[in-house]
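For reference, the structure is listed below as structure tokens.
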Number of protein chains: 2
Amino acid sequence: MQSNFTDKQIQILEVAETLFAEKGFDGTSVRVIAKMAKINIAMVSYYFGSKERLLESLIIYRTSDLKYQLDTLLQEELEPIDKINKLIELYINRINSNRGIYRILHFEFTSKKREQNLLAFSELKKGNLKSLESIIEEGQRKGIFRKDVIIPLITPTILGTFFHFHMNKTFFENLLNLKTEELYNNYIKTNLTKHIQQTIKALLIYES
Amino acid sequence: MQSNFTDKQIQILEVAETLFAEKGFDGTSVRVIAKMAKINIAMVSYYFGSKERLLESLIIYRTSDLKYQLDTLLQEELEPIDKINKLIELYINRINSNRGIYRILHFEFTSKKREQNLLAFSELKKGNLKSLESIIEEGQRKGIFRKDVIIPLITPTILGTFFHFHMNKTFFENLLNLKTEELYNNYIKTNLTKHIQQTIKALLIYES
DNA sequence: ACCAAAACTAAACAACTGTTTAATTCAAAC
DNA sequence: GTTTGAATTAAACAGTTGTTTAGTTTTGGT
């Protein structure tokens, strides 16, 4: 995965990612970014033009290869329900190991301030939905999945469950006794992922 | 529902709610709050002490009666699955008509900056979980609900689905052709709520 | 060795931040 | 009508914000 950014730019982007994720875009000053990245303040404007465009660059830098991963999954020879399970695993794994940027996306592009920005993000979402649609429709044709589910609402259930869990990290760390970062990550990879898979499977198959 | 705030304070709180929800806490200046609330800048410090404590007051002002609503639901004579459905409806309705504050809670109290603040919020979540637990355990005793669900992960599925939908409002407005605010709200009250109820019901009842 | 472009720096810029001050207006109590 | 405390004000405070400037250093090609 090549990118159009230089090493120095990437260094800045990754520091910005950490800080934006922790303190939010407005809560992070370019001076702090510069200090942490050990560069001069002026370099942010020099390389990216502005703080706002630094954020845009960051999003492009981080989301550019998800589409590819999804496409290869679609090509695999698997039963629809297994594809769904793999898709959920892919989503959770990916978001969980790129928490920073997804937190930022979640935060910054839902507040009205920056809503119109970044058509690319909206296109990404549309593409993801198309992939999910094609899997579910395949399952419906095969008579495995029920036909009265609202497909566009499945993504909110998958991602929303994860996000809501992660957004309340401290709360669940206490509740579930996940004392170390490793335990927390492990819980996501096993229990939370399984819960989501179980939920979606039940939703797609169960007839009342 | 009486509150400990004067009319003037409430006036400021409600303006702050709108602005914090739109632009975030850091993205909103006390000057803008003051201008919109048609008061002098100094009044914010005068009434609340600081901007940070204005936020705390806002949260107390908005979340203080949820616990009561949940408790009365628990007392009702209903089948467990109907209680669950009612609980989901209550949650969605409540959050949807108090979008501002829940958006703020969602945003501000997940970034590390203000994490330790507001024990009250954490207590609220614990109480909510207890209510849900008691309903599900009743259903399990009656043999209606399966026993291998992870109860604390159900709230993330319910609330997460709603939040993720709402956080991507613009996206779904375009996708589902919800041109007016009324159509959007209606979609939440009917389709989205039904989707969540259907999902949780399937999860609780379906055996693979 | 020379040159031009790129990389980098410290300093200054004007605008904005949350909070405090000191003075003034207002309202009810006596 | 005077007093007293609360409500309100404009102005000032000291600090931070993102960006730009005007230099300096570094780099790589000739």
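Quick note on labels: first sequence line is chain A, next is B, and so on, each numbered from 1. Atoms considered below: every heavy atom in the structure, side chains included; atoms not considered: hydrogens, waters and symmetry mates.
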- Classify the angle between the aromatic ring planes of A:F48 and A:F5 as parallel (below 30°), tilted (30 to 60°) or perpendicular (above 60°). tilted
- Query: Taking the six-membered ring for Trp, are B:F165 and B:Y184 parallel (under 30°), tilted (30 to 60°) or perpendicular (over 60°)?
  - Reply: parallel
- Bounds of contact between DNA chain C and chain A, in 5' to 3' order, using a heavy-atom cut-off under 4.0 Å: C:dA6 to C:dA12
- Message: What's B:F48 touching, base or sugar-phosphate or nothing? Going by heavy atoms closer than 4.0 Å.
- Response: nothing
Side chain of [X], backbone of [Y]: donor and acceptor closer than 3.5 Å?
| X | Y | value |
| --- | --- | --- |
| A:S45 | A:A42 | no |
| A:K83 | A:G139 | no |
| B:Q198 | A:L203 | no |

- Task: Report yes or no: is the cationic atom of A:K8 (NZ for Lys, CZ for Arg) closer than 6.0 Å to the six-membered ring centre of A:Y47, at no more than 45° off its axis?
- Result: no
- Under the side chain to side chain contact (heavy atoms under 4.5 Å, CB included) rule, collect the residues that match up with A:S131, sequence neighbours excluded. A:L70, A:L74
- Item | B:E137: partners by side chain to side chain contact (heavy atoms under 4.5 Å, CB included), with sequence neighbours left out | B:E133, B:Q140, B:R141
- Message: Salt bridge or not between A:R99 and A:E17? Use side-chain N to carboxylate O under 4.0 Å.
- Response: no
- Note on the structure: When the rotation axes relating C1' atoms of four end pairs to the next four are compared across the helix from C:dA1-D:dT30 to C:dC30-D:dG1, five pairs an end, they differ to 10° by 0°
- Message: How many whole angstroms separate atom CE of B:M43 from atom C1' of D:dA7?
- Response: 5 Å
- side-chain hydrogen bond (donor to acceptor under 3.5 Å, both in side chains) pairs touching residues 187-197 of chain B, sequence neighbours excluded, are A:T157-B:H195
- What string of B, S and - do you get for nucleotides 17-22 of chain D, 5' to 3', when a contact is any protein heavy atom under 4.0 Å? BBBB--
